[in-house]
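Report on one structure; see the data block that follows.
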Amino acid sequence: MATAKRKKKAPLKKKKPGSTKKRAASSTAASNGAAPKRRTTAKAMAASQRDISVSEFFAKNRHLLGFDNPRKALLTTVKEAVDNSLDACEEAGILPEIWVHIQQTSNDRYKVGIQDNGPGILKKQIPLIFGKLLYGSKFHRLRQSRGQQGIGISAAGMYGVQTTGKPVKIISKVSVRKPSHYYEIQIDTKKNQPKILNGKGDGVDIPPGDKGTKYIEKHGIEWVDQPHGTRVTIELQAKFVRGRGSVGEYLEQTAIANPHVTLHFLDSDDYEYDYLRSTNALPKEPKEIKPHPYGIELGRLATILEDSERMSLSEFFRTKFSRVTPAVAKRICQTAGVSTRSNTGKVGRSEVDALYQAIQKTKISNPSTDCICPIGEDLILKGLHHVVPAEFYTAATRPPAVYRGNPFQIEVGLAYGGSAPTQNVTKDLLNELLEETDARTIRQFLIHTFNGLGSESADKIIKAAALGTRQAPGKLKPSGVEKLFSAMRNVNISDGQSMEVMRYANRVPLQFQQAACAVTQMVVGTNWRSYGLGQSRGSLPRGPVSLMVHVASVWVPFTSESKEAIANYPEIQKEIRLGLQAVGRKLGMYLRRRLRVKQQSDRREVFLRYLKEVSTAVSEINGAKQAELYEQLVKVAKRRTAEADVKLDDRGRPMEEKPAEMNLGDNVLIVDPSTHAAAINRASSSEDEPEE
Amino acid sequence: MAKKRPATTPRKPKVKLTPRDKKTMARLTGLADRVVTAANARRDPYVDIPSRTLSNIHYSPRKRILEMGNNKNRRQLFDLSQAKAYMRTVLVASGCKQLLDQGKTTSLRGLYYMLKHTIDGAKENTFDEQNECDTIIEDVEVLLNSIREELHLYAENRGAMVGNITLRDRGDVIDCSRMGSGGYAIPSIVEPEVIELSRKKCDAKFILHVEKGTVWQRFNEDKFWEKHNCILTHGAGQPPRGVRRMLHRLHNELKLPIYCVLDNDPWGYYIYSVLKQGSINLAFESQRMAVPDAKYLGLRSIDFERCDLSDSVKIALNDNDKKRAKQIAKYPWFEKKRKWQSEIQRMLKNDFKLEVESLISKDISYVTEVYVPERLEAQDWLD
């Protein structure tokens with residue numbers, strides 16, 4: 001970059017003194033008629049002008065790829081590896097199972113291992129994939145996939161090598177009978193080439209069977225035994241955090257949008273989280289499509305023309321683009337004033353421009369949208385239900401639409417959680433949980449055991465229970481347990497909670513730059529008050545709500561290279577809005593009905609509460625028998641409310657008593673929150689998992 | 001509170017009820033009996049409370065006071081939004097019954113504490129704030145057609161008086177000309193049973209009512225009442241019932257004219273209006289409290305020029321003041337009075353208000369030595 005700038009400036013400097021009369025006059029006045037002395041010559045400058053390798057550029061500008069700080073670096077590394085694994089598994093037609101292990105090696109260094117059960121990688125490809133930037137299969141095709149450029153995982157490796165000096169370790173196995181390959185790689189940033197460190201620069205082949213197992217054990221190679229798969233281990237400077245923008249959050253959100261994936265996550269504090277798959281159906285394989293003429297820029301059109309083999313323009317349009325029929329091709333050429341039969345090799349620059357203009361003016365039907373594979377409403381419901389503890393779930397998949405010639409599809413899922421998991425625990429279960437846990441403090445116990453309970457809420461509970469923050473859960477006395485139990489019951493943790501928005505692009509969760517994203521802007525811009533949620537102007541709605549928005553497209557328009565926010569295209573905004581409104585309507589229906597049911601039961605309760613007071617007061621005035629009067633009044637109350645119950649139903653049928661039995665149409669899931677499995681993490685459930 | 005009550009009640013000897021108390025007691029019992037009857041007949045117990053809103057108030061041009069209409073609000077026990085209010089109504093009634101039984105009076109706040117307790121089996125109090133109790137007391141007053149005094153309730157003493165009059169307060173002789181700088185605090189209950197007035201013991205020729213205590217101090221310190229032979233009262237802003245009832249009795253029983261010195265702002269006009277015609281909320285008591293013959297002496301909106309005041313005493317009218325002034329101008333009892341209309345128009349045109357204290361900028365005793373005597377002399381007032 002620096003040299004490029006200097007190049008540009010040099011001719012400017014030469015021009016400066018005599019460019020305008022005014023300036024010349026002032027400069028001569030300042031320097032007494034002498035021209036400024038030359039500092040260097042073109043020849044001397046040429047000596048320092050040279051090529052810049054891609055890897056050098058990204059090593060200097062690592063923030064562009066999401067390695068701005070140690071916290072984000074850890075997440076980006078996990079994310080790139082997991083995305084690659086998922087893409088590979090799905091392409092091969094394997095139900096993905098992924099292990100993520102994070103281990104602290106020193107104060108600010110972490111070792112991250114990610115393993116999948118994918119098809120494995122051929123030996124000669126391994127160093128290139130993990131040790132060369134911009135090497136990949138996904139860049140040149142137009143097809144829905146998680147990765148796009150082929151930078152991610154090799155950049156993570158490069159970051160690791162740069163910050164810790166430790167090589168990237170890769171082990172990959174194609175089948176049970178064939179040897180697995182083990183590599184230790186460093187990127188040569190100057191050449192953008194992999195440098196293999198082990199096996200004399202050739203890598204090591206580990207034989208299959210028991211022999212190989214012994215070798216793996218002997219050399220301390222990390223590997224969960226699998227018939228096929230790949231594992232990459234990177235040691236890097238990082239910071240492990242919980243909560244917003246953490247690895248845990250990313251994996252949880254991945255599990256929601258990918259219900260066919262099983263994830264095992266072992267964090268640096270040795271907590272194990274397991275997200276088991278809720279469906280065995282792999283997503284439909286996405287189709288690759290040709291570009292649509294509307295989505296192409298002038299420069300790109302010229303390149304395609306140049307690269308193409310010789311053919312007539314008409315044929316060129318028909319074969320290289322989607323949705324161009326001979327008639328459409330003819331119309332384009334006519335508008336541009338170019339013959340349909342002119343050869344692609346002979347089209348000049350000005351004609352390309354005319355063709356480009358003509359394309360914009362010609363009506364071309366939208367690209368086919370069957371290349372998009374959405375998650376589907378059923379699976380969104382399953383995914384949400386599996387991971388987010390709530391009582392009401394709904395999902396909406398919009399029909400596919402098109403922006404700038406690229407097909408895309410919007411899906412929205414919503415989970416509305418009534419009472420928090422802490423409020424549904426019985427006392428026996430709490431005692432059991434306290435016994436099982438290996439958390440050092442009550443605070444840790446609360447945060448790790450009850451999903452979705454933030455540190456703030458945990459503090460609130462501890463404060464209400466009047467327990468010490470550092471108190472060990474195992475040593476809690478029965479009176480302490482009693483206090484904790486009642487505090488958990490009574491503290492309203494949904495107070496002041498606002499909607500949690502999960503954004504996805506091609507099933508990948510987006511975690512940063514929330515405010516810049518089209519999704520967040522549309523959520524804020526939607527009026528949620530009419531759907532029964534509180535919302536102040538210009539902010540997210542309040543309440544125990546989780547919302548997921550998935551944008552699937554062959555080319556997701558991100559605002560920057562680090563793929564963190566979706567750009568604002570009117571077509572995308574419109575679809576998001578419609579999707580939000582669809583789930584909003586269902587939520588509104590549910591909340592209104594629930595409110596009505598609640599009112600019914602409140603009603604009787606309210607009357608009964610006051611009857612005692614009324615009867616006591618009356619008997620004090622006129623000496624009537626209090627008990628008798630009370631009985632009479634209760635009878636009247638029962639009759640009254642019974643009548644009211646029937647009256648309030650709009651269809652003349654008795655009201656459904658349980659919210660779970662409401663009929664709200666398709667794509668809605670209502671569960672009893674107290675029986676939710678995902679609400680509580682139990683130490684015992686993870687014991688049978690293999691550990692390294 | 002509720003639990004302690006039975007323990008203390010039996011020890012008290014039965015108090016002999018006055019005829020007035022007996023009447024009140026009969027009304028209270030009637031209320032309770034209706035609840036029992038309704039419950040036995042499996043009907044909804046309810047009470048019909050005369051509505052105390054502007055829509056149920058009308059101005060009687062003949063009597064020149066505000067009167068309450070016949071509209072009633074039904075309050076039902078078995079209505080979700082009214083159940084609590086109904087319970088409170090009965091509760092207040094039972095509280096008053098106890099007061100009558102024991103022959104004692106209590107303050108509004110006292111009754112609030114007497115009745116405040118947590119409802120069994122709920123984390124809810126019968127009352128959370130005193131004003132919740134106060135409105136229910138007013139409801140019971142109109143419901144039973146018994147005024148607060150008859151229910152043995154009183155409010156905090158507010159307002160004071162001095163002047164050439166001697167009265168008896170619960171048998172004690174009070175000489176209001178020897179009250180020092182503090183004056184005689186007008187009690188909340190000034191019914192004939194408590195305060196006895198006598199024509200023979202009153203030398204004063206008129207009553208001067210001022211808006212607040214500070215101004216009243218000025219008049220008292222300058223011995224205005226001695227020089228002009230009058231009674232001097234104040235109501236600490238909007239006068240409480242005790243003060244209004246006292247003015248009403250002094251005016252009607254001793255035939256003393258009343259002149260008011262109030263601020264020149266919509267609030268001052270409204271105080272005058274309440275003294276003269278009665279208030280919307282207490283329209284059922286207008287008969288006993290309103291003094292239709294009260295006169296408005298000042299301050300007038302012409303006083304800024306008439307008294308040659310300096311610009312610094314002006315207080316700009318805010319939007320709320322302007323709105324209020326326009327509302328007051330539309331009141332039926334001001335609407336037909338051209339003098340009042342021009343008074344209010346003038347204030348709006350001035351676009352500022354004046355406090356009585358602003359006259360101090362002329363001279364400390366300007367208001368007592370010049371302003372009021374001149375107005376009285378010239379008989380220059382608004383009616």
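Convention: sequence-line order gives letters A, B, ...; per-chain numbering from 1.
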request  = Give a yes or no on whether a salt bridge exists between B:Lys84 and B:Glu124, defined as a side-chain N under 4.0 angstrom from a carboxylate O.
outcome  = yes

inquiry  = Please classify the contact between B:Arg88 and chain A as side chain, backbone, both or neither, with a heavy-atom cut-off of under 4.5 Å.
reply    = neither

query = Using non-hydrogen atoms and a limit below 4.5 Å, what part of residues 66-74 of chain B faces chain A?
reply = none

inquiry  = Quiz question: by atom type and distance under 3.5 Å, do the side chains of A:Arg542 and A:Ser536 form a donor-acceptor pair?
reply    = yes

message = Strictly distance-based, threshold 3.5 Å: is any side-chain N or O of B:Asn131 a donor or acceptor partner for the main-chain N or O of B:Asp134?
response = no

ask   = So how far is it from A:Ile461 CD1 to A:Ser486 OG, rounded to the nearest 0.5 Å?
value = 10.5 Å

ask   = Is it true that B:Glu191 and B:Arg20 have a side-chain N and a carboxylate O under 4.0 angstrom from each other?
value = yes

task = May I ask you to check if A:Lys612 and A:Tyr630 form a cation-pi contact, with NZ or CZ under 6.0 angstrom from the six-membered ring centre and within 45° of the axis?
result = yes

ask   = Looking at A:Val618, A:Thr616, A:Ile621, which one has more heavy-atom pairs under 4.5 Å with chain B than the rest?
value = A:Ile621

query = If only atom types and distance count, is the side chain of B:Arg75 paired as donor or acceptor with the main-chain N or O of B:Tyr86 below 3.5 Å?
reply = no

inquiry  = For chain A, which candidate among B:Leu31, B:Leu91, B:Thr89, B:Val90 shows the most heavy-atom pairs at distances under 4.5 Å?
reply    = B:Val90

message = Could you report the tightest heavy-atom contact between B:Asp21 and B:Glu150, atom names first, then the distance?
response = OD1-O, 4.3 Å

key: Partner chain A: residue of B:Leu100, B:Asp44, B:Asn40 with the largest heavy-atom pair count (under 4.5 Å)   = B:Asp44

